[in-house]
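Just below is one structure, and these are the notes that go with it.
The shown structure was predicted, so the numbers you read here are calculated from the model rather than taken from an experiment.
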Amino acid sequence: MQIKLLLYVLAAATLIAACSTPKIATVDNDREFGPSAASPDSILGHLPDYSETLNTLQGKGKAIVSEPGNSERVTIYFAGNREKSLVTIKNSLGIEGGQILSEGDSLLVYNKVDKVARKISVRDGNVTSVGHLASVNVLEMMNFVPQTAEIDKILESESSYLLVMQNGTKVYIDQDNNDLLQVDQPAQSDLPYSRIVYDAYGRIDGFKLPRRVTIFSADGQSKVALLIQSLDVNPGSLDLEIDLPNDVKLVTQ
C-alpha cells in the first residue's frame, strides 16, 4: 500500500466519513445568505460542545479514497484521545496494509507490505497535502465547535446559518436541528483540506455525532469518505502505539 493512500485513509479516519459514493448536499452558495439578527450565543448555545466530556473514541468504518483516475475501498480501525490517533488499514481482501500514528505535529507511517516505517513532519513541504490532515485531532474534528470571540459576522438563508470567522473560515449550521453541516477553509489557510461535510447524525451514549463525513483536498480534486460501522465513545484504556518488528526500517525526514 502506497504512503499516499495511507495518508488519504488517515485523513478519513481522523475525521470519520462515508463508504459508498455519497450524494453530497453542499451549502456553499453564499448568494442565498443575507444578514442575520441572530446572536453568536443563540446559535452556539445549541451546538453540542463535548470538549470536556468526550475524551476517547474507537471504532471501525468503510472508506472510499477518490482521486483523479483512482478510487480505493478500504476498511479502517481507528482509536484516539485528545493527544494522538492510531489508524489500521485493511484492503478490500481484508489484508492489513499498514498503520498510522498521529501525534500532533508528526506522523509515524508503517507500511506493512513493504516493511518500512517513516517518521514524517506534517508540516514538511515534501508531504502530500492531504497527509497534513493527520495533524487534526480526531475528537476535535468529530465535535468541531466555533469560538464566539472568533466570529466576524453571521449570515442566514432559509434553512442555515453561516458563521464567517475572522480568519475567513465559513461554518454552516442547520437552523432546525443545530447540526454542523459544513466547514470551508479559506484558500490562504495553507491547510491540506478545503471542505469538510458532515452528515447522518445519530446519538451514541448521549453524544450526538456524525456517522458520515466527507473531506475534500485543498485543490478540491480528491476526497475521502468514511461510513462508521461501529463507534465506542469514552472507552477505557487505548493502545495508541505502533510496535514495529525488528526487521522494519525506520526512515525519518
Side-chain angles (χ1 to χ4, degrees), residues 1-2 5-25 48 50 53-67 70-82 84-102 107 109-110 112-113 130 133-134 136-144 177 179-183 193 195-217 222-242:
M1 181 177 292
Q2 298 297 315
L5 175 58
L6 284 170
L7 291 174
Y8 267 113
V9 174
L10 178 60
T14 311
L15 320 161
I16 320 296
C19 137
S20 56
T21 304
K23 182 178 180 182
I24 301 166
Y50 303 134
T53 55
L54 183 59
N55 301 308
T56 55
L57 278 175
Q58 68 177 0
K60 172 188 174 183
K62 293 286 188 179
I64 291 181
V65 182
S66 302
E67 56 183 327
N70 183 49
S71 179
E72 293 279 350
R73 292 175 180 263
V74 296
T75 299
I76 64 165
Y77 298 83
F78 57 89
N81 57 27
R82 292 287 172 182
K84 58 175 69 175
S85 303
L86 178 64
V87 174
T88 301
I89 305 103
K90 292 186 177 181
N91 65 18
S92 57
L93 299 176
I95 300 172
E96 184 175 319
Q99 293 179 294
I100 304 176
L101 177 65
S102 171
L107 299 175
V109 183
Y110 172 32
K112 189 173 182 179
V113 176
V130 178
L133 273 174
V136 182
N137 183 276
V138 59
L139 297 180
E140 293 177 0
M141 188 61 67
M142 281 289 286
N143 181 227
F144 178 80
N177 53 31
D179 288 342
L180 177 66
L181 301 174
Q182 182 171 308
V183 177
Y193 62 93
R195 171 174 295 166
I196 302 175
V197 179
Y198 297 84
D199 191 18
Y201 281 82
R203 291 199 174 273
I204 306 170
D205 294 341
F207 296 95
K208 189 179 183 182
L209 300 170
R211 300 305 294 255
R212 292 200 299 259
V213 179
T214 304
I215 309 149
F216 295 81
S217 61
S222 305
K223 67 181 179 182
V224 180
L226 169 72
L227 172 64
I228 300 179
Q229 297 176 307
S230 63
L231 184 63
D232 186 9
V233 296
N234 286 331
S237 60
L238 294 176
D239 182 9
L240 300 178
E241 301 294 338
I242 296 179

Problem - Rounded distance [0.5 Å steps], CG in Leu180 versus OH in Tyr201 - result: 4.5 Å

Fill in the blank from the handout: What one should report as the nearest heavy-atom pair of Leu86 and Glu241 is CD2-O, 3.7 Å

Practice task
Could you check if a side-chain atom of Leu101 sits within less than 4.5 angstrom of a side-chain atom of Gln99, using non-hydrogen atoms only?
Solution key: no

Practice task
For the residue pair Thr214 and Asp199, establish whether any side-chain heavy-atom pair is separated by less than 4.5 Å.
Solution key: no

Completion exercise
Between Asn234 and Asn55 the two heavy atoms that sit nearest each other are OD1-N, 2.7 Å

Practice task
Check whether any side-chain heavy atom of Gln229 sits under 4.5 Å from a side-chain heavy atom of Lys62, and report yes or no.
Solution key: yes

Exercise for the section: Kindly give the heavy-atom pair with the smallest separation between Tyr50 and Arg82, and that separation in Å. Expected result: O-NH2, 3.3 Å

Fill in the blank from the handout: Scanning both residues in full, the closest heavy-atom pair of Lys60 with Phe78 reads N-CE2, 3.5 Å

Problem - Between CD1 on residue Ile100 and OH on residue Tyr110, distance to nearest 0.5 Å - result: 13.0 Å

Problem - Spacing of Asn81 atom CG and Ser237 atom OG [to the nearest 0.5 Å] - result: 11.5 Å

Problem - side chain to side chain contact (heavy atoms under 4.5 Å, CB included) between Lys208 and Asn177, intermediate numbers included - result: CA-CA 11 Å; Lys208 189 179 183 182; Asn177 53 31; 4.2 Å; yes

Fill in the blank from the handout: Taken to the nearest 0.5 Å, the spacing of Leu227 CG from Ile64 CD1 works out to 9.5 Å

Problem - Distance, nearest 0.5 Å, that separates CE of Met141 from CG of Leu139 - result: 11.0 Å

Fill in the blank from the handout: What one should report as the nearest heavy-atom pair of Leu238 and Gly80 is CD1-O, 3.6 Å

Handout entry: Nearest heavy atoms of Met142 and Ile228, plus distance in Å
Key = CE-CD1, 4.4 Å

